[in-house]
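Scroll down for the structure; my scribbles are underneath it.
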There are 2 protein chains.
Amino acid sequence: MDEVAGAIADPVRREILLMLRDEPLTAGQIADRFVISRPAVSRHLRVLREAGLVRDTADGRRRVYTLVTAPLDELTGWLGRLTRPAGWQHRLDALETEVYRTRRERHTAAAQHPSQKETA
Amino acid sequence: MDEVAGAIADPVRREILLMLRDEPLTAGQIADRFVISRPAVSRHLRVLREAGLVRDTADGRRRVYTLVTAPLDELTGWLGRLTRPAGWQHRLDALETEVYRTRRERHTAAAQHPSQKETA
DNA sequence: CAAAAGCGTAACGTGTCGGTTACGCTTCCT
DNA sequence: AGGAAGCGTAACCGACACGTTACGCTTTTG
């Protein structure tokens with residue numbers, strides 16, 4: 001888990017992961033979107049690879065990277081366990097159903113994005 | 001977010017957060033549960049404090065640390081956005097907002113009680 | 001009031017991180 | 001073939017993380 005959390009702790013690597021969420025990309029395509037040198041990006045990719053967050057497949061002289069989200073589950077689970085102190089699970093499940101039902105009733109087609117926050 | 005993710009990337013700090021999930025603890029109590037030196041723990045606490053994940057209150061010559069989970073929301077949201085396939089995104093974001101708002105209110109309500117201890 | 005308890009900080013050594021440039025290995029193209 | 005394209009790795013360097021011991025400050029205690 002250290003590796004996964006450490007990988008996410010870097011803004012460049014987070015950006016790479018977001019890029020790969022939409023589509024697989026080659027090392028060169030990824031590097032081109034950053035100002036830092038290509039070897040620097042290459043090593044970021046290595047960190048992500050060793051954390052299991054990306055998978056690379058050889059394609060001729062190119063190397064295609066794809067996102068692998070599975071290792072994030074452990075981290076997500078840990079965060080959940082930390083924030084929901086024992087006994088919250090049922091209530092959370094109930095709330096989940098409630099929210100979905102409420103939103104459906106309200107007929108909200110416009111997606112609001114209220115996740116603004118101050119930096120810690 | 002870098003600070004929060006970086007804070008979680010260390011096993012000692014994760015353990016500290018888990019300890020504080022159950023009950024507030026003094027710096028000494030926390031340090032006693034680790035093999036490393038007390039100053040080392042003190043600096044881990046500083047990292048957590050600067051990431052906003054713990055709050056410390058002076059109590060005589062002791063210093064009581066309490067868990068603050070709010071900064072984790074941003075990270076959790078990011079993980080969700082990365083993991084969830086495009087369609088689910090806003091709906092789950094809305095759910096998260098709803099859930100965390102509820103929990104935050106519960107926390108702040110407890111924090112406004114100036115009595116001796118926040119119950120474990 | 002002096003001694004001890006409780007914490008944080010300073011100073012220091014060492015390992016790792018993240019950037020750079022230089023280089024080497026495959027693979028495609030003509 | 002032979003040169004260019006595409007990537008990774010090695011070597012190097014400054015900054016930072018994490019551990020240690022030594023120290024100083026505030027608060028309790030005998």
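Letters go in sequence order (proteins before strands), and every chain restarts at 1.
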Expressed in angstrom and rounded to an integer, what is the separation of [X] atom [atom1] from [N] atom [atom2]?
{"X": "B:Ile36", "N": "D:dT21", "atom1": "CD1", "atom2": "C1'", "result": "15 Å"}
{"X": "A:Asp59", "N": "C:dC28", "atom1": "CG", "atom2": "P", "result": "8 Å"}
{"X": "A:Asp2", "N": "D:dA17", "atom1": "CG", "atom2": "P", "result": "16 Å"}

*Below 4.0 angstrom from OP1 or OP2 of C:dG19, is there any side-chain N or O of A:His44?*
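For A:His44, the contact criterion (side-chain N or O under 4.0 Å from OP1 or OP2 of C:dG19) is met.
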_So, does A:Ser37 get its side chain near the phosphate of C:dT20, meaning an N or O under 4.0 Å from OP1 or OP2?_
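Answer is yes, contact under 4.0 Å.
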Table of protein N/O atoms under 3.5 Å from nucleotides 7-10 of chain C N/O atoms:
from, atom 1, to, atom 2, distance (Å)
C:dC7, OP1, B:Thr26, OG1, 3.4
C:dC7, OP2, B:Gly28, N, 2.9
C:dG8, OP1, B:Tyr65, OH, 2.6
C:dG8, OP2, B:Ser42, OG, 3.2
C:dG8, N7, B:Arg38, NH1, 3.1
C:dG8, N7, B:Arg38, NH2, 3.4
C:dG8, O6, B:Arg38, NH2, 3.0

Under 4.5 Å between any side-chain heavy atoms of [X] and [Y], yes or no?
{"X": "A:Leu25", "Y": "A:Arg33", "answer": "yes"}
{"X": "B:Asp56", "Y": "B:Leu45", "answer": "no"}
{"X": "A:Thr26", "Y": "A:Val64", "answer": "yes"}

*Which pair of non-hydrogen atoms, one from A:Glu3 and one from A:Ala51, has the smallest distance, and what is that distance?*
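Minimum heavy-atom contact is O-CB, 4.0 Å.
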*Listed by chain and number, what are the salt bridge (Lys or Arg N to Asp or Glu O under 4.0 Å) partners of A:Asp32, not counting sequence neighbours?*
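By the salt bridge (Lys or Arg N to Asp or Glu O under 4.0 Å) rule, A:Asp32 matches no residue at all.
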*Going hydrophobic residue to hydrophobic residue with side-chain gaps under 4.5 angstrom, can you get from B:Ile36 over to B:Leu48?*
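The answer is yes; both residues are in one hydrophobic cluster.
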